[in-house]
4 protein chains.
Amino acid sequence: MYEKERKELYNAHLLLEKYGLVAYTSGNVSVRIGDHVLIKPSGVPYTELKPEDFVVVDLEGNVIEGEKKPSVDTATHLYLYKHLDWAKSVIHTHSTFAMVWAILEKSIPVLCTAHADVFGEEIPLTEYAPVGSEAIGKAVLKVIGKSGAVLLRKHGVMIVGTSVDDAVKKAIFLEEVAKAAYFATLAGKPTPLPPDEVDRLYNQYHTKYGQK
Amino acid sequence: MYEKERKELYNAHLLLEKYGLVAYTSGNVSVRIGDHVLIKPSGVPYTELKPEDFVVVDLEGNVIEGEKKPSVDTATHLYLYKHLDWAKSVIHTHSTFAMVWAILEKSIPVLCTAHADVFGEEIPLTEYAPVGSEAIGKAVLKVIGKSGAVLLRKHGVMIVGTSVDDAVKKAIFLEEVAKAAYFATLAGKPTPLPPDEVDRLYNQYHTKYGQK
Amino acid sequence: MYEKERKELYNAHLLLEKYGLVAYTSGNVSVRIGDHVLIKPSGVPYTELKPEDFVVVDLEGNVIEGEKKPSVDTATHLYLYKHLDWAKSVIHTHSTFAMVWAILEKSIPVLCTAHADVFGEEIPLTEYAPVGSEAIGKAVLKVIGKSGAVLLRKHGVMIVGTSVDDAVKKAIFLEEVAKAAYFATLAGKPTPLPPDEVDRLYNQYHTKYGQK
Amino acid sequence: MYEKERKELYNAHLLLEKYGLVAYTSGNVSVRIGDHVLIKPSGVPYTELKPEDFVVVDLEGNVIEGEKKPSVDTATHLYLYKHLDWAKSVIHTHSTFAMVWAILEKSIPVLCTAHADVFGEEIPLTEYAPVGSEAIGKAVLKVIGKSGAVLLRKHGVMIVGTSVDDAVKKAIFLEEVAKAAYFATLAGKPTPLPPDEVDRLYNQYHTKYGQK
């Protein structure tokens, strides 16, 4: 089932690894197809992962197809799909500098145009929530904005996208932005971009950028 | 049209990616050939980019050849080609440590010989200018010096070169220099090289270095 | 002898290099098979290492098979195998940010869930002990906890695993955690996770995560 | 001439690039063979470099074989070969964290065992000396110790080795050590290893480590 989506999801995992956003077994990407969700199996190293390893679950978490156990983060992914109708792909990473902000318990201010372009807002921070239940999903819903990118307090990153490509792109840019903002803030007191300029950049980027 | 230049531009984009100066879709390189400019299509990921994707535009921005939309930064590239007769290639990146200086709203002082060799001056900082119009081009022209490298305030980097190779080399060295200068400045108060030594190094490098 | 284990060990060394945890010749992985231990030869660069280069020694350090000299860290590996019955693989690295904590003579606090999941405790720090005798092994035994990961004061990292995969995974995550904890601590005063939450996460991860 | 040495030198340059110690055209390695020295041509990018590009010069700098101009650092390499009879290979890089120490005008203290093992002493810092004459060679000779590794003030790194492998290894470890020492010093006041322990580690490493 879902051969095309399996390949897309496989390539997404490889991209996250190539950009250093995940390490060995950590992180996972899922994609929603109707009432089904295709997701990474739990704890499988990227060096061994194959397209046929992804697990198909329904929105209640029942395994529909697949011989492996789905990611322990499946409940979080499903909660987001059920409560955000625009969610077509979800990514979870512990990418280093996003995690540093999450450990510092600070949202990421909009310090550069790339941040405004792609996200259009501060990257918000959830309350602390334990892994494996719906608690993380609920905590994400409380703070998630139009960007679909959220810092999980003391934990990592959750990204919601309108497609796998959209989610991958946001995961990559979030770490870029988190890293630049970290080092700028470490060395000085950078001024955030004004909110109306952030809005203008976001709207321009989301209407004029790309091939559609 | 321009098969050789398409290949050169393609390799330039790959080099920027290899050196980590661009991420996923960000950044772009263009090359001027007479009254035409060959430039990256907007928002195409590096993983999908092909030599035939580059768009040929004239100096007014009219698409001469290509099925894709050119980069949203095309107006900036064209402005620079029209106002700097030595400009044969332009590169735009958000490379991390150059961007950190841009976020901190500081030009990069000449702290090491490699900076003096390649650039021969502080890397200047533009005023803040919005993407997509000629505003960035104008802001660059106000501060650009002989190095052809400029920090865009709160945004990133603009490089003007006398060839694609020249621009690529400057993009790579700018990030090297920005990173070393950042960490030196974070840990101490490094003294810049004296201006006459900077001039001497720059002149020596631009007359004796390389194969010409 | 031990063709399968040689291949496994070879891949483990490649993974450590891929993740940047070892440089050129540094670092080594061993695996215990009954009363034998297979270990990296001393000072062989990763670019030249071959599966047949690994040396088989007994638990007293006598070479059983192999034309090369075993690692100078062999005595440490053997000491750990003899005193920890659950030790099936040992890894030694100088991975950068773990080494920074070791140079600073500080254990790594549990600042994020990934640390709690994989290690379940602070990464402890040994007293200073000289290389090449049993002194490092003894120093490790004094502080090693359930995580199997230890910082060697002024030196680097020692990892004990229940399998090669387990040890590799801990070596990779230790550097991830050390890096994030370093940068968070550099920029602020992050609060460690509460001990009971650390225990809960560790137990959950070690019972529910992965495919077994 | 010197086919074997050309290949060895080529691989050395590739290793420096793989470890991120050089960028695009920067850095160079040479090897001495009797009264001849084989060295990188000036300004040739690593992406284009071929074994047949290396230039053979005599100890006075006369080109014996080769169609390209030798590195602008040739005079420095030759000066070191003429004044240090154990010098068989010389490497020059601008590797990032070594350069940060050079910009800060500080020698690198011996903070970890890997530093003591490989170098056995602080990495000394030269006075400032201009590129391209014998001035850098002279400045290096004034401070070089048994380690063969020297920081060039405001410039970069010069490594002298007893073989290409020895020089490459020291170039790689110098950056490792420079990076760890930088970040440890940024976050605290680490205590250097005592001089007698540094001597002991160095002597042990240089008699017991490796395959000879």
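Labels below follow one simple rule: chain letters A, B, ... track the order of the sequence lines, proteins then strands, and each chain is numbered from 1.
Only the side chain of C:L193 comes within contact range of chain A, with at least one heavy atom under 4.5 Å from a heavy atom of that chain. Proximity to chain C is absent for every atom of A:S71, based on heavy atoms less than 4.5 angstrom apart. Using a 4.5 Å cut-off between heavy atoms, C:L15 contacts chain A through its side chain alone, with no backbone atom that close. Within the 4.5 angstrom heavy-atom criterion, atoms from both the backbone and the side chain of A:P130 approach chain C. Contacts between C:E197 and chain A at a heavy-atom distance below 4.5 Å involve the side chain alone, from C-beta outward. Both the backbone and the side chain of C:T191 come within less than 4.5 Å of a heavy atom of chain A. In this structure, the portions of C:D165 lying under 4.5 Å from any heavy atom of chain A include both its backbone and its side chain.
When the options C:K170, C:K169, C:K18 are evaluated for a side-chain contact (heavy atoms from CB on, under 4.5 Å) with A:Y24, the one that passes is C:K169.
Note on A:K68, A:M99, A:E105, A:K106: by heavy-atom pairs under 4.5 Å with chain C, the leading option is A:K68. For the set A:L152, A:T185, A:V131, the entry with the most heavy-atom pairs within less than 4.5 Å of chain C is A:V131. Taking A:E17, A:H94, A:R153 one by one and counting their heavy-atom pairs under 4.5 Å with chain C, the maximum is reached by A:E17. Note: A:I103 leads A:I103, A:T96, A:V72 in heavy-atom pairs under 4.5 Å with chain C.
Across all non-hydrogen atoms, the minimal contact from A:S42 to C:G210 is OG-N, 2.7 Å. Across all non-hydrogen atoms, the minimal contact from A:A23 to C:I172 is CB-CG2, 3.8 Å. Across all their heavy atoms, C:A180 and A:V100 have their closest contact at O-CG2, 3.6 Å.
The distance from atom CG of A:L104 to atom CG of C:L111, rounded to the nearest 0.5 Å, is 9.0 Å. Residue A:E67 holds its CD atom at 10.5 Å from CD of C:Q211, rounded to the nearest 0.5 Å.
For the pair A:K69 (side chain) and C:K208 (backbone), a donor-acceptor distance under 3.5 Å is present.
At most 12 heavy atoms of other shown residues, nucleotides or ligands fall within 6.0 angstrom of atom NZ in C:K7. Shown here is A:D35, whose CG atom has no more than 12 heavy atoms of other residues, nucleotides or ligands within 6.0 Å.
Using cut-offs of 30° and 60° on the angle between ring planes, the pair C:F183 and A:Y182 is perpendicular.
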